[in-house]
Structure formats: structure tokens, C-alpha cells
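Report on the following structure.
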Number of protein chains: 2
Amino acid sequence: MDAAPELFRALGDATRRVILDELADRDGQTLFEICGRLAMKHGLGSSRQAISQHLAVLEQAGLVHTRRQGRYKFHHLDTGPLRAIVERWPIDRQEPLP
Amino acid sequence: MDAAPELFRALGDATRRVILDELADRDGQTLFEICGRLAMKHGLGSSRQAISQHLAVLEQAGLVHTRRQGRYKFHHLDTGPLRAIVERWPIDRQEPLP
DNA sequence: GTAGTACGCAAGTGGCAGCTTGCCTGTCAA
DNA sequence: TTGACAGGCAAGCTGCCACTTGCGTACTAC
């Protein structure tokens, strides 16, 4: 019935959506990179642990894949799960009639 | 920056997503129709007020438009706001390389 | 008018999600 | 080995969200 509630739960938080924006702008960032850029570009003062937990939620939703390399962990965006949304509720072709 | 947080908030709840499914299956239902069909088809025992509040959230997100006619209030689905999702994070063309 | 229907409003409650805090593990350079 | 860096784990707190409860309003049939 309700496939992938983690997907919608992940999209429900504003900070997580900004993280997706950030990864869409520059893919493969580490946790500290994301923290820094969120503070710089978006003025978000979230702590490192908060961002880490957000990334875990995004990864559980399949929107972010991780790749370990030494002591670094790179995060990659995957917009594939978003396809389930438009497949579930087909989007009309432009505006309705006034 | 973060356009329409109400949209993602509305999609965050499983009951609201089922309501969208129901309206996609049969558009223009009243509150009591939706209550009945949710109980029948989906086994959800939500009260009338709960469904009413869910519909208010969906309407605030622009996913549902209402039309009053006498003492009835018909609810119509509008998937237009969903377009903001796929426009914000473009969906890749099928699977990544293995 | 009266009863019944369809729906709205508002206060109160319980549970969960996001955040913090503190400590720990693993990796690299000196 | 020692220190610094990148990240993880788990308990506790707080605010919000979904739901209930109770009453109120508008429309319709009789």
C-alpha cells in the first residue's frame, strides 16, 4: 500500500531538504563539508550530530548513498526514489483551465 | 529558499497520502465519503475530525481544492504542487551504472 | 419549526521527531 | 606513540503533531 514511508519522512524536514540541495549542487561531500556549507550558504547553525542524524535518515530513504574511504565518508545524492512520487500521483500537464 | 514547506509536511503523513490515493481514484468526494472509503478499503479507523484536519493540511499545501455546494463540500485533487519536487531535484533517467 | 445531516472550531492530551550532550572508535600525520 | 581529525553511539530533553473530545453552525427534509 504505502510504499517507502521513509522517503516522505525524509523529505518532511527542511534541513534535510537543504542537504539534498547542497548535494545536488556538489555531490560527494563529507559530513564536515556539509556542515560548513550549510552554515555558510544557508545560515543554518545545526550541530554536526544533527546533520549526521539527518544524513542517516536520508540514507535510509535511499536518497543518499555513502562511500567510505579511509577516515572520510562521502555522501552521494540519488534522486531515484523521488520517481515513486510522480508515479503514484501522476502530474497533470500544466495549469488547469481558469 | 525552501518553497512550500506545507507541501512536504502534507506528504509526511501516511493517512494523508492514502487520502490522496482515494481522491486520485475518485475525485470530488465529500468528507463523509472519504471517511467511509478509508475505513472500507484501507482499514483506517480515523475519526471524522481527524480526516477533516488532514484535508485542511492538504488544502493548505495546495494538493486539494474544495468546492462548496449547499451543505456539501467536495474535495478535488491537484497534483500540480508535486511538480516543485521534480523541478527542485531533477530525477535521473533510470538506473545508475553498476 | 423541528429533527437530522454535513461540517467547523477550539482546547486538551500522548507520543514521537529533532536536537543536544557526552563519550567512544577509527584513521592519518608528526 | 601521541595528537588531531572525521565520524559514530546512546541517553535525555523539548516542542510539535496527530488525535480526541465537546460543542457550535449551516443547510435540508419533513
Side-chain angles (χ1 to χ4, degrees), chain A residues 2 4-23 26-40 42-61 63-76, chain B residues 2 4-23 26-40 42-61 63-76:
Chain A
D2 189 28
E6 307 99 358
L7 170 64
F8 298 99
R9 180 186 177 279
L11 292 176
D13 187 82
T15 303
R16 285 195 285 266
R17 294 195 292 272
V18 177
I19 291 176
L20 293 181
D21 291 336
E22 194 50 50
L23 288 179
R26 170 193 276 236
D27 200 44
Q29 295 188 60
T30 68
L31 173 59
F32 274 55
E33 286 183 89
I34 297 173
C35 287
R37 297 185 61 146
L38 285 195
M40 297 286 289
H42 306 275
L44 298 183
S46 302
S47 68
R48 175 183 62 87
Q49 292 82 348
I51 305 291
S52 178
Q53 289 171 2
H54 281 311
L55 286 171
V57 174
L58 290 171
E59 188 175 7
Q60 199 173 0
L63 290 167
V64 166
H65 295 171
T66 60
R67 167 175 58 94
R68 289 219 69 136
Q69 191 168 348
R71 60 177 162 177
Y72 298 104
K73 188 178 183 183
F74 301 101
H75 299 80
H76 295 269
Chain B
D2 192 28
E6 308 99 358
L7 170 64
F8 298 98
R9 180 185 177 278
L11 292 175
D13 187 82
T15 304
R16 286 196 285 266
R17 294 195 293 272
V18 177
I19 291 176
L20 294 180
D21 291 337
E22 194 50 51
L23 287 179
R26 171 192 276 236
D27 200 44
Q29 295 188 60
T30 68
L31 173 60
F32 274 57
E33 287 183 89
I34 297 173
C35 287
R37 297 185 62 145
L38 284 195
M40 298 284 289
H42 305 275
L44 299 183
S46 302
S47 69
R48 175 183 62 88
Q49 292 83 347
I51 305 292
S52 177
Q53 290 172 0
H54 281 312
L55 286 171
V57 174
L58 290 171
E59 188 175 6
Q60 199 172 359
L63 290 167
V64 166
H65 294 171
T66 59
R67 167 175 58 94
R68 288 220 70 135
Q69 191 168 348
R71 61 176 161 178
Y72 298 105
K73 188 177 183 183
F74 302 101
H75 300 81
H76 296 269

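Predicted model only: the values in this text are computed from it and were never measured. In the text below, chain A, chain B and the rest are named by the order of the sequence lines, each starting its count at 1.
A:R17 places a side-chain N or O within 3.5 Å of a backbone atom of A:L11 that can act as its donor or acceptor partner. At least one donor-acceptor pair closer than 3.5 Å links the side chain of A:R16 to the backbone N or O of A:R9.
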Within the sub-3.5 Å range, which N or O atoms of nucleotides 18-24 of chain D have a protein N or O partner, and how far apart are they?
residue	atom	partner	partner atom	Å
D:dA18	OP1	B:R16	NH2	2.5
D:dA18	OP2	B:R9	NH2	3.1
D:dC19	OP2	B:H54	NE2	2.2
D:dT20	OP2	B:S47	OG	2.6
D:dT20	O4	B:Q53	NE2	3.1

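Put simply, chain A comes within 4.0 Å of DNA chain C, heavy atom to any atom, from C:dA17 to C:dC28, going 5' to 3'.
With A:L63 as the partner, the side-chain contact (heavy atoms from CB on, under 4.5 Å) test is satisfied by one option alone out of A:L23, A:L58, A:V57: A:L58.
The two residues B:Q60 and B:E6 come nearest to each other via the heavy atoms O-CB, 4.3 Å.
If you take CD1 on A:I34 and CG on A:L44, they are separated by 12.5 Å, rounding to the nearest 0.5 Å. Of the inter-residue distances, the one linking B:I19 atom CD1 with B:H54 atom NE2 reads 6.0 Å to the nearest 0.5 angstrom. In this structure, CD on A:Q49 lies 10.0 Å from CD1 on A:I51, to the nearest 0.5 angstrom. Distance check: B:H75 NE2 to B:Q29 CD gives 10.0 Å after rounding to the nearest 0.5 Å. Here the straight-line distance linking atom CD of A:Q53 with atom CZ of A:R48 works out to 10.5 Å at 0.5 Å rounding.
Counting only heavy atoms from C-beta outward, the side chains of A:F74 and A:T30 approach each other to under 4.5 Å.
In this entry the distance linking OH of A:Y72 with C1' of D:dA6 reads 8 Å, nearest Å. Between B:F32 atom CZ and D:dA26 atom P the separation is 17 Å, expressed in whole Å. Put simply, CG on B:L11 is 15 Å from P on D:dC17, counting in whole angstrom units.
For the helix from C:dG1-D:dC30 to C:dA30-D:dT1, the end axes, each set by the C1' atoms of five terminal pairs, are bent relative to each other by 30° (nearest 10°).
Within the structure, every side-chain polar atom (N or O) of B:K73 is placed at least 4.0 Å from both OP1 and OP2 of D:dC27.
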